[in-house]
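Notes follow the structure.
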Amino acid sequence: MRLKVAFLWLVSSISWIGEALRCDRTPEGTFSPRTRADGRFVIEVSGNPDTYVPGEQYNIFLRSNGEYQAKNKFKDFLLLVEHEPSEKILGEVHNPSVGTLQLLGDMLMKFSEKCRNAVMQTNSLPKSEVQVLWVAPPSGSGCVAIRATVVESKEFWYTDDGPLSKILCEEVQENEDTQPNMLRQCCACDEAKYEVTFEGLWSRNTHPKDFPSNGWLTRFSDIIGASHTFDYTFWNYGEIASNGLRQLAENGNTRMLESELKAKSEHIRTIIKARGISYPNITGKTFAVFRVDKRHHLMSLVSMIDPSPDWIVGVSGLELCLRNCSWVESRVLNLYPWDAGTDDGPTYISANQPSMPPHPIRRIKSNSPNDPRSPFYDPTGTEMKPLARLYLSRQRLYEKNCVAQVDVSEEDGGVEGDKCEMEEWSEWSKCTVTCGRGFKYKQRAYKNPASNFVCNKPLTKRASCVAILEHCSNQQRPQEADPSCSLTGWGNWSSCTAPCGPGWKTRSRRYKNRKAAKRCAAGNENPEPLEQNLECMERECGPSDRRPLQESKECEGRAWSNWSPCSSTCGKGIKVRRRMAYRSLWGRSPARYNRGLFDTEDTSRDDDDDGSDEDPCMNLDEKVECINDDVPVCEDTVDNSVPGSQTRQDQDKKIIQEPIGEVVDCQMSEWTNWSGCNATCGRGFSTKHRFIRVHPSNGGKRCPQKILKKRKCKIPCPGDYTKRDPMLPTWGTANSLEHVQIDCVMTGWSAWSPCSRSCGPNAVQQRTRGILLPPSGRGEPCLHRTEERPCSLLACPE
């Protein structure tokens, strides 16, 4: 086998050598031997990477270096990319690729006709810098060498030596079980938007040992996370869980953890929230989107495994920024169980055993804890299968101006003192393009090269720039404004929403082409506003004035809807707007938004806040008088032949006519008490209702639509025993169980613990059991939960 591998390597090496021999890089017209490179000309790659990421784009520069830049220029050059044999990939690369070079619209270079994957000058004018775009080869292509031949004059030319040769090998991609190293500083200028997909893999087939017998109880709780800074994370491997993480790990409740995240908003860009997944779709998927930037370049999230004592799955501090100042395009990561360290239960349905004191968060493996009761224990030490999997996909990049972004912590990091002493920043490079929009760079280095391993100060800065030629010849210039998207002028201001005191007035405009309105608005990232609102006050309110209804603080925080169109087809009419419902803002009510997916099964609390009520803020509206801008005056056309005929103006006046008589608001009765459960055994529901006492009139407050409410309930059936049933209701006096006999149900005994001592007569073993179903009524009480027995050991040596 070794001979075969060596033979393949030899053949590949010969082919590479043959390719190099076919490409003669000796400059034409030179009559002297090459000069040894002294550093006056260098090859640089954007971001100064040590490796390349397959498929990523890099700018390659050939330039005069630092102190030589002003006086030393080169006339001719040849810059090429070729394969570099490496012992690390011996026998692995059979169809090598070196990626592709692309010209950046620059007239100073062209592709070489005698060397593959190479570019050269188009003229012999003196140059201090050229650049080309390189797209890295696909995965599995091995190492590449970027080499240059530079001609300073007929007497002096250089090739391949030192800074004129740069070797990049493929970045070793982490497998799906490992995370990349975190970067203290992210040099990416742009921001990125990601979609994260959480896929459940946990099932009786993948993890059969002691899988919960009540499979319908299995779920991953709601998922919560954040994109955050390097110096913050809300959970971390080997640290003690916060109170919010404890609540999630033990109960699947994300509220406290979300509050903790909001309290650290200065470290967080996006709070990530996704619905949990449960039986029968526990192997399904759930999704969320989030954004990252150069400061908030890490992502963490977590979800509870239910049922479990305090087990979670998730990721902490996942790095999405790359060393070449770009963002990861995609990543897949397997998720394994972690013990949050707040409960010592060893099984899925262990009784509560709070950890005193709490333990650090630790990974659960097939051999850790070394306890046969663990559902993940395997005496052979076989690697565990993942319980879930994360998929990250970059959706979009947002170009930012890095010059305007100054990170106050930029100069910090690493070891202080002489060890991290820096050279001065270089001058900004020229723009990476000669036309259109590109980037510019500047770099610096540590005075002591060893500092690269102990310091974490940024070495590269990048900023966007625009070349002297704003538009490239092969690019389309920005299109002129679409005439079909032209707007009308602003209409007249409406009346004030309040006859006295502070209020609002509005005016609007529209697209002249009504049919194109939707297309024009959707095709523009920043569409022109169609509505303007302005505070107004006609006069101060007097004692006899009917004051506007005072809104609650909750309603004051709600957004208003857009104003409705003017109600009239000509002349005067009215416009109306209302407070937005939470469903319009969030897609569901705030209580349900923060509540676990399975809390709807929990009937131990009143469901008054379940979001199913009519939203009280929805009844709050504002009306203003408006004039139809298209037909500001109605024509007085009356057909005298028709008795009772009216003008359109008279008809429209009816629309805005004030109500006659006293305004009467709707009045509702109080909610009745909850009824009894309609089931005698198993699942059912109970109800409560209310009714309308006084109907509204003369424009009074409308009645809510919800007059009946239901909630789920469950009555244990004989033989229906579970660990701790979250569906057991809190019964009222009308449904007391004092006459229902339910005996205590306990788990089986655990295995005997190891002996407390290694010798002597005082060594003992213990075993425990938990309570599955507590007794009720006159049922049999629970028996003892621990047992102890002596060990038969030899006497201890004297």
Side-chain angles (χ1 to χ4, degrees), residues 202 204 207-221 241 246-253 278-279 304-312 337-359 362 364 368-378 387 596 598 601-602 604 714-730 737 740-756 764-789:
W202 179 41
R204 195 181 303 276
H207 300 82
K209 186 176 185 296
D210 298 335
F211 191 82
S213 56
N214 292 325
W216 55 273
L217 284 176
T218 56
R219 65 157 178 155
F220 290 106
S221 73
R246 179 179 60 82
Q247 285 283 348
L248 180 136
E250 294 183 1
N251 306 313
N253 192 325
S278 64
Y279 176 88
M304 175 200 181
I305 304 169
D306 194 13
S308 74
D310 62 339
W311 300 340
I312 56 177
W338 292 81
D339 189 328
T342 63
D343 192 297
D344 289 335
T347 67
Y348 288 122
I349 56 173
S350 294
N352 291 335
Q353 303 176 40
S355 302
M356 298 299 291
H359 306 303
R362 60 180 177 82
I364 300 175
S368 177
N370 191 15
D371 187 339
R373 293 175 295 171
S374 170
F376 308 109
Y377 175 77
D378 188 336
L387 270 72
F598 288 79
E601 300 287 343
D602 182 5
S604 62
K714 181 181 178 183
I715 297 179
C717 298
D720 182 15
Y721 304 130
T722 58
K723 169 199 167 192
R724 43 176 177 138
D725 196 337
M727 268 66 70
L728 284 177
T730 301
L737 286 180
V740 179
Q741 178 176 323
I742 298 179
D743 296 337
C744 175
V745 179
M746 306 190 73
T747 65
W749 288 104
S750 68
W752 286 103
S753 70
C755 292
S756 59
V764 294
Q765 290 178 297
Q766 285 187 337
R767 66 176 182 176
T768 61
R769 60 179 175 179
I771 298 174
L772 282 176
L773 184 66
S776 181
R778 300 178 181 177
E780 289 293 329
C782 298
L783 301 179
H784 58 284
R785 296 173 58 184
T786 61
E787 277 189 353
E788 191 175 279
R789 72 180 183 185

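For clarity, every value in this text was computed on a predicted model and none was experimentally measured.
- Judged purely by atom type and a 3.5 angstrom limit, T747 uses its side chain to pair as donor or acceptor with the backbone of G770.
- To the nearest 0.5 Å, atoms CG (D310) and CE (M304) are separated by 8.5 Å.
- Taking each heavy atom of R785 and A351 in turn, the nearest pair found is NH2-CB, 3.6 Å.
- A distance of 10.0 Å separates CD1 in I771 from CG in L783, rounded to the nearest 0.5 Å.
- Partners of D371 according to the salt bridge (Lys or Arg N to Asp or Glu O under 4.0 Å) rule, which considers only residues two or more places apart in sequence or in another chain, are R373.
- Among all heavy-atom pairs drawn from M746 and C782, the shortest one is SD-CB, 4.3 Å.
- For P212, the side-chain contact (heavy atoms from CB on, under 4.5 Å) test picks out W202, T218, P307, Y348, with sequence neighbours left out.
- To the nearest 0.5 Å, atoms CD1 (I349) and OG (S213) are separated by 6.0 Å.
- Side-chain contact between R767 and E788 is absent, with no heavy-atom pair separated by less than 4.5 Å.
- One distance of note links CG of D210 with CZ of R204; it measures 10.5 Å at 0.5 Å rounding.
- Nearest approach of C744 to P781, heavy atoms of both residues: CB-C, 3.7 Å.
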So L387 and F376, side-chain contact (heavy atoms from CB on, under 4.5 Å) or not? Walk me through it. CA-CA 11 Å; L387 270 72; F376 308 109; 3.9 Å; yes
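- For R362, the salt bridge (Lys or Arg N to Asp or Glu O under 4.0 Å) test picks out D339, with sequence neighbours left out.
- Residues T342 and E250 bring a donor and an acceptor atom of their side chains to less than 3.5 Å of each other.
- Interatomic distance, CD1 of I312 versus CZ of F220, reported as 12.0 Å (0.5 Å rounding).
- Heavy-atom minimum distance, P309 versus S350: CG-CB, 4.4 Å.
- Closest approach of S308 to A249, counting heavy atoms only: OG-O, 4.5 Å.
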Evaluation steps, side-chain contact (heavy atoms from CB on, under 4.5 Å), between D343 and N352: CA-CA 7 Å; D343 192 297; N352 291 335; 4.0 Å; yes
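- For the pair K209 (side chain) and S374 (backbone), a donor-acceptor distance under 3.5 Å is present.
- With sequence neighbours excluded, the residues that form a side-chain contact (heavy atoms from CB on, under 4.5 Å) with Q765 are W752, S753, C755, R789, C791.
- S756 contributes a side-chain N or O that, together with a main-chain N or O of V764, makes up a donor-acceptor pair within less than 3.5 Å.
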Go through the steps to decide whether N253 and L248 satisfy the test side-chain contact (heavy atoms from CB on, under 4.5 Å), and finish with yes or no. CA-CA 5 Å; N253 192 325; L248 180 136; over 6 Å; no
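- Annotation: side-chain contact (heavy atoms from CB on, under 4.5 Å) contacts of P354 (sequence neighbours excluded): none.
- Counting heavy atoms from C-beta outward, R219 and I305 have side chains that stay 4.5 Å or more apart.
- Partners of D344 according to the side-chain contact (heavy atoms from CB on, under 4.5 Å) rule, which considers only residues two or more places apart in sequence or in another chain, are Q353, S355, H359.
- Across all non-hydrogen atoms, the minimal contact from T347 to W311 is C-CH2, 3.7 Å.
- Taken to the nearest 0.5 Å, the OG atom of S750 stands 9.5 Å off from the CD atom of E787.
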